[in-house]
Amino acid sequence: MRTLLVWMAGSLGLALGVPLAMANGWNMPVGVTDVSREIHSLHMTIFWICVIIGVVVFGVMFYSLFRFRRSKGAKSAHFHENTTVEVIWTAVPLLILVGMAVPATATLKKMYDASDAELDVMIIGQQWRWRYEYLGEDVAFTSNLGTPRDQIRGAEARGEHYLLEVDEPLVLPINRKVRFLMTSDDVIHSWWVPELAVKQDTIPGFVNENWVRINEPGIYRGQCAELCGMDHGFMPVVVHAMEEEDFDAWLAERKEAAEQEAMGVDREWELAELMERGEGVYGSICASCHQAEGQGSPPAFPALAGNQRLIDDLEWHLDTVINGVSGTAMPAFRSTLNPVEIAAVVTWTRNAWGNDTGEAVQPADVAERLAQ
Amino acid sequence: MWSVVKSVLAAFFGVQREERRREDFEKGRPGAFILVGIVMALLLVGVVALVAIQAAR
């Protein structure tokens, strides 16, 4: 009988535990931070404890069912209580739970300690994109889905990182503690990157904290993990972790570009320049609702091409983009886009797809409006 | 009194011998169990809080 028990226990463990634990892509990733490694090792420890408990409990059960089956003349025992056994089966789980809680609590304490960060990044969830602001560095941008619409519609073959690619990834340095301050502009989103072991809700009106110290450079992908509306599946997270000196160079470059952009607000822009810029902004920000050809998808998302009110009323058009329309899906872009981008995208929509107004909206005028 | 404390401890743990349970129901006064129960619940909360404060250091 002992051989039977060993055989059953062994095969159960092999059948359930090993493939699940080892199969690549099924298990949670080990990740690239100290915290993610700790979480993974906790996960595996607790997993194996559960496997052992499962094998023992089901082993005893199946053995009993087999050994004491009715056809062999087994008779059931009738007794009310056995204090010793009851004490054991209460105390053993208690010890197991405390044994798991102690290392888990130690890891949790580390996860919550966002103090002494060398870099602060504000992460803002928006329907349906992520906005990143490097606090104190004057660098901020939105990160939009990079997968071409044709792939989503099925008109084109899916790429390798289908729905897990963005136009501009969050760039972070390795070996530095980075604190995330996480909030949302509209509904609850959740910023999730498995390799970094960060999955944090972003909630309007609240600022949640989290942090990472990445050990290895690389590109780490994740998704919004809280159902947030129509394009919930179309707002992936991509983190590009760089060597420290590469990151510093990148940040300096971005700061300079931001300064250039700020200077660009004051000068006069040509129509063609604005159109070029505006087409890009439209493609990454507006096209997900109003569609690539401006045809919209009424009634939720009105058409912009041939929209008479838009063509006639520049004031209303600007106000709609800057302040949004309450009660509809149209968000306010006053903090998401800068004056140049707003001027460019308004110019683009006023001149594309047969909306030939010929009007160029100047960034300086938009900046004046934003300041009011 | 000691037997009341032991019965309350057994209740906290969740395991009690049948003879002792019968005894408690025949001889014990409800007021004593309630009082000891409340005091020991407060003690338990205090102990858990102490452990939590130590762990948070």
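Just so we're on the same page: letters track the sequence lines, and every chain starts at 1.
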Can you tell if the side chain of [X] reaches within under 4.5 Å of the side chain of [Y], non-hydrogen atoms only?
| X | Y | answer |
| --- | --- | --- |
| A/I96 | A/I53 | yes |
| A/M182 | A/I203 | no |
| A/L181 | A/V121 | no |

(request) Using a heavy-atom cutoff of under 4.5 Å, enumerate the residues of residues 31-42 of chain B that contact chain A, numbered in order, or state 'none'. (result)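 From residues 31-42 of chain B, none sit under 4.5 Å of chain A.
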(request) Search all heavy atoms of A/I88 against all heavy atoms of A/P93 and return the closest pair with its distance. (result) O-CD, 4.1 Å
(message) Tell me which pairs pass side-chain hydrogen bond (donor to acceptor under 3.5 Å, both in side chains) where either residue lies in residues 32-43 of chain B, with sequence neighbours left out.
(response)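 Matches after skipping sequence neighbours: none remain.
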(message) Rounded at 0.5 Å granularity, tell me how far CG in A/L227 sits from CD1 in A/I188.
(response) 11.0 Å
(message) What verdict does the side-chain contact (heavy atoms from CB on, under 4.5 Å) test give for A/L170 and A/V237, after you've listed the backbone C-alpha separation in whole Å, the side-chain angles of each residue and the deciding distance to 0.1 Å?
(response) CA-CA 8 Å; A/L170 172 64; A/V237 178; 5.9 Å; no
(message) Please evaluate residues A/M111 and A/V198 with respect to the criterion side-chain contact (heavy atoms from CB on, under 4.5 Å), reporting the C-alpha separation (whole Å), side-chain torsions for both, the decisive distance (0.1 Å), and the verdict.
(response) CA-CA 9 Å; A/M111 289 168 68; A/V198 174; over 6 Å; no
(request) Using non-hydrogen atoms and a 4.5 Å limit, figure out which bit of A/A91 sits close to chain B: side chain, backbone, both or neither. (result) both
(request) Only counting residues at least two apart or in another chain, list the ones meeting side chain to side chain contact (heavy atoms under 4.5 Å, CB included) with A/I46. (result) A/C50, A/M100
(message) More than 12 heavy atoms of other residues, nucleotides or ligands under 6.0 Å from CZ of A/F68: yes or no?
(response) yes
Donor-acceptor pairs under 3.5 Å, chain B versus chain A:
| residue | atom | partner | partner atom | Å |
| --- | --- | --- | --- | --- |
| B/E18 | N | A/E81 | OE1 | 3.3 |
| B/E18 | N | A/E81 | OE2 | 3.0 |
| B/A55 | O | A/K109 | NZ | 2.8 |
| B/R57 | O | A/K109 | NZ | 2.9 |

